[in-house]
Structures are given as C-alpha cells and as structure tokens.
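Contents: one structure, followed by commentary.
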There are 2 protein chains.
Amino acid sequence: MASPLSPDASRLLRDLTHSLPMALLRTREAVVQRFRRVLSRYDLTEQQWRVLRALDGKGGLEISALAEQCRILLPSMTGILRRMEGRGLVWREANRADGRSMRVALTERAQALVEQIKPEVVAVYAEIERILGQEKLELLYTLLEELERGLAQGEASNP
Amino acid sequence: MASPLSPDASRLLRDLTHSLPMALLRTREAVVQRFRRVLSRYDLTEQQWRVLRALDGKGGLEISALAEQCRILLPSMTGILRRMEGRGLVWREANRADGRSMRVALTERAQALVEQIKPEVVAVYAEIERILGQEKLELLYTLLEELERGLAQGEASNP
DNA sequence: CGTGGATACTTAACATGTTAACCATCTAAG
DNA sequence: CTTAGATGGTTAACATGTTAAGTATCCACG
C-alpha cells in the first residue's frame, strides 16, 4: 500500500515538529507573545499595532498600500479599520482624485498612544537581541529575507 | 510632545517592514503559500495537514498532545477535529483509563491520503532547499530554534 | 461618447486564532 | 468519604485569515 519514500525524500520531509512552516510558526509565536503582553494592556491586537506602526509618521496611506505593508489582506483590513475608527484611532477621507480609493491616517490620540507604547516595544526588541545576540539576529533577518525573495521569485513561473 | 527615542532605541525599533515579527510572518507566508497550492487541491487547510502529519504513523494521540504538537490551541482543535471527523479523516474514542481525555487517530482513508500527498509536499521542500541551499537552510533552522528556546526560557521569570 | 476590462474596496461565508468561562472528571489532602 | 483544586475538553464571543463574489469607479480604446 504505502510505497515508502526515497531516502532523499525522507530527509526532506522532516519530522513535523521540525518542518519549516512549523519552525517559523513556533518562533513567531514565541516572539509575538512578548509583544502581545505589552499590547494587550492597551487593548490592541498585534495587527492593530501593525497598522499604527505603518501609519506612524506618515500623513496617510491608501488602504491598499497600508494592507500590503502590514501584510494584512484587504477583507481583514476592512474590519480592522472599522473597529479602529470606532475607537477613534484612525480616520479616513475619500481621495478626491480617485473616487475608488480611500486615505487613512492616525488621529492625534493614536499618535500619542504610539509614542507611549514605543518604549515598551523597544524593550522587547532589546530582550530579543540579548537572547540571540546582535550578530545572529542580523543573520536571521538576512536568511529570512533571502528565502522570502527566492520564493517570490519563483512565483512568476508557477502562477 | 513626542519625546524622541534614544539612538539605541531607534536602532532596535526597525522599520515596520523589517521588524522581526513581520520578517517571520512574510517568510512563513511565502513558504506556506507553496504548500497551500498542493493542499487546496485536496480540500485541506494547512492546519488539517498538520493534524494528518502529526497522527501519521502513530496509533493515536490524546487531543492535548496533538494540539501541542501542531501548535494549535484546543478551542481551534475542537472545530478542526469535528470537521475532519465529519469528512471521515479521523475518529476518536474515549480513554477508558481517564474519562476526561480522548484519543484521536487517522482513518484508513486518511492514511492513504497522506501517502498520496507526501510526494508533492516533498517536492515543495526540495524547491525550498534549492532556493536557499542546504547549508543556509540548516542554519536558518538552528537560529529559529535557538531563538524559540531562548524566549521560552525567559518565560518562567516573566509569567 | 460608450463600452469592456482593470482597479480599490467591501461583503459574504467559512476556517482558525485568542481569551475567558464552563463542565466533567480526576487527584490529593484532610 | 469528601471536598478543594488540578486537568482535559468544549462552548462562547470576538478578531482575523482565506477565498470568491459583488460594487463603484477609472481608464483605454474604438
């Protein structure tokens, strides 16, 4: 029945616990949990913080651009912005030049909130750097981005 | 108003696009998308595939153990197993020794399905290894696991 | 000027993530 | 024995992820 995989295939198909998607998930989970500890005290989700960070310092962004930077799909972004607007964290205005698009920007209250939270987030980053060391951390960033670019590359050929 | 961050803090607080959670998310997104292409043809989500992989080759697992290995929280696992049971992929039996716990196992149909899908998944892993190279890939695994362990470590002190 | 195809969202429907509360055991301590 | 707390799962409520469909513009071309 189950024809066994070749030795090479067995090597590639790691134990679930050590598969690449799982490794990325587990590490991200561990990292994000540290940030969540901070953000939950401000009733913010990780995604809402991404939106705050992306808009911080900018006059405003089109929703598509914001969604792309935050890596949040547009349908999710619709709900996130609706809730954040309800809390007075963002506001939007129609783009006069293009009736389809919207610009979103932080309210003053949100800007103040970002400034308040930033130092706590920085502290988390400092802890992470302390754990892994600056050099290894940079290496990790490099590998992650190289793999991401490589995968995006082969994207065009297998649509 | 916004007191500027120290130079060190500015270094730690990277541009959102290059922050660690984002880098992990983006890379994982790119990786998982490749697997999803395969799995969607079998009407499987990434999480359902994790359950299949975790149960594959084992006689059965308690739901808690399964959830931990898959890194899926118990409330999510409840729904996932309900749907998979409805499709005849898993079955469960009460644990005679402990009336609280349940054991889940793959049906024969699910085992056959796993064997059918494995080669396609292996092909994705091969592509990933081709992109990054075996050496860098191993290095990436090492760094991810080291960071995860380091973060789990400091967990006990900051509960 | 009109029309077909792109573009920027939004809605809808379903699956999962996240937290808190709940329920039925089980376990240990009195 | 029994009762308080721990454990294994589920339910509930809400936020987000994922895919497909819908809506209102915009744009290029005839």
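No experiment lies behind these values; they were computed from the predicted model shown. Each chain gets a letter, A, B and so on, in the order the sequences are listed, and its residues count up from 1.
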Is any side-chain N or O of [X] closer than 4.0 Å to OP1 or OP2 of [N]?
X: Thr78(B); N: dT10(D); result: yes
X: Arg71(A); N: dG17(D); result: no
X: Ser76(B); N: dT18(C); result: no
X: Gln47(B); N: dG17(D); result: no
X: Gln33(A); N: dT18(C); result: no
X: Arg100(B); N: dT10(D); result: no
X: Arg92(A); N: dT10(C); result: yes

Whole-Å gap separating [atom2] ([N]) and [atom1] ([X]):
X: Glu46(A); N: dA15(D); atom1: CD; atom2: C1'; answer: 12 Å
X: Asn95(A); N: dA24(D); atom1: CG; atom2: P; answer: 19 Å
X: Phe35(B); N: dG17(D); atom1: CZ; atom2: P; answer: 21 Å
X: Asp43(B); N: dC14(C); atom1: CG; atom2: P; answer: 14 Å
X: Leu44(A); N: dT19(C); atom1: CG; atom2: C1'; answer: 16 Å
X: Ile80(B); N: dG17(D); atom1: CD1; atom2: P; answer: 16 Å
X: Met77(A); N: dC9(C); atom1: CE; atom2: P; answer: 10 Å
X: Leu74(A); N: dG22(D); atom1: CG; atom2: P; answer: 18 Å

Between Gln47(A), Arg50(A), Glu85(A), which is the residue that forms a side-chain contact (heavy atoms from CB on, under 4.5 Å) with Ile80(A)?
-> Gln47(A)
Qualifying residue, where the test is side-chain contact (heavy atoms from CB on, under 4.5 Å) with Phe35(A) and the options are Ile117(A), Ile128(A), Leu44(A) = Ile128(A)
Is there a donor-acceptor contact under 3.5 Å linking the side chains of Glu120(A) and Tyr42(A)?
-> yes
Kindly point out which of [options] is positioned nearest to the side chain of [X]?
X: Pro75(A); options: dT18(D), dT7(D), dC26(D); value: dT18(D)
X: Ile72(B); options: dA15(D), dG17(C), dA8(C); value: dG17(C)
X: Arg36(A); options: dT16(C), dT18(C), dG17(D); value: dT18(C)
X: Ile63(A); options: dG17(C), dA15(D), dC9(C); value: dC9(C)

DNA chain C: Asp98(A) or Leu73(B), which has the more 5' nearest nucleotide?
-> Asp98(A)
DNA chain C: Gly99(B) or Met102(A), which has the more 5' nearest nucleotide?
-> Met102(A)
Electrostatic pair Glu148(A)-Arg71(A), nearest N-O below 4.0 angstrom = yes
Identify whether the distance between the nearest side-chain nitrogen and carboxylate oxygen of Lys118(A) and Asp56(A) falls below 4.0 Å.
-> yes
5'-most by nearest nucleotide on DNA chain D - Thr45(A) or Glu62(B) = Glu62(B)
Could you walk me through whether Glu62(B) and Arg92(B) pass salt bridge (charged side-chain N to carboxylate O under 4.0 Å, His left out), step by step?
-> CA-CA 9 Å; Glu62(B) 295 196 350; Arg92(B) 30 178 142 190; over 6 Å; no
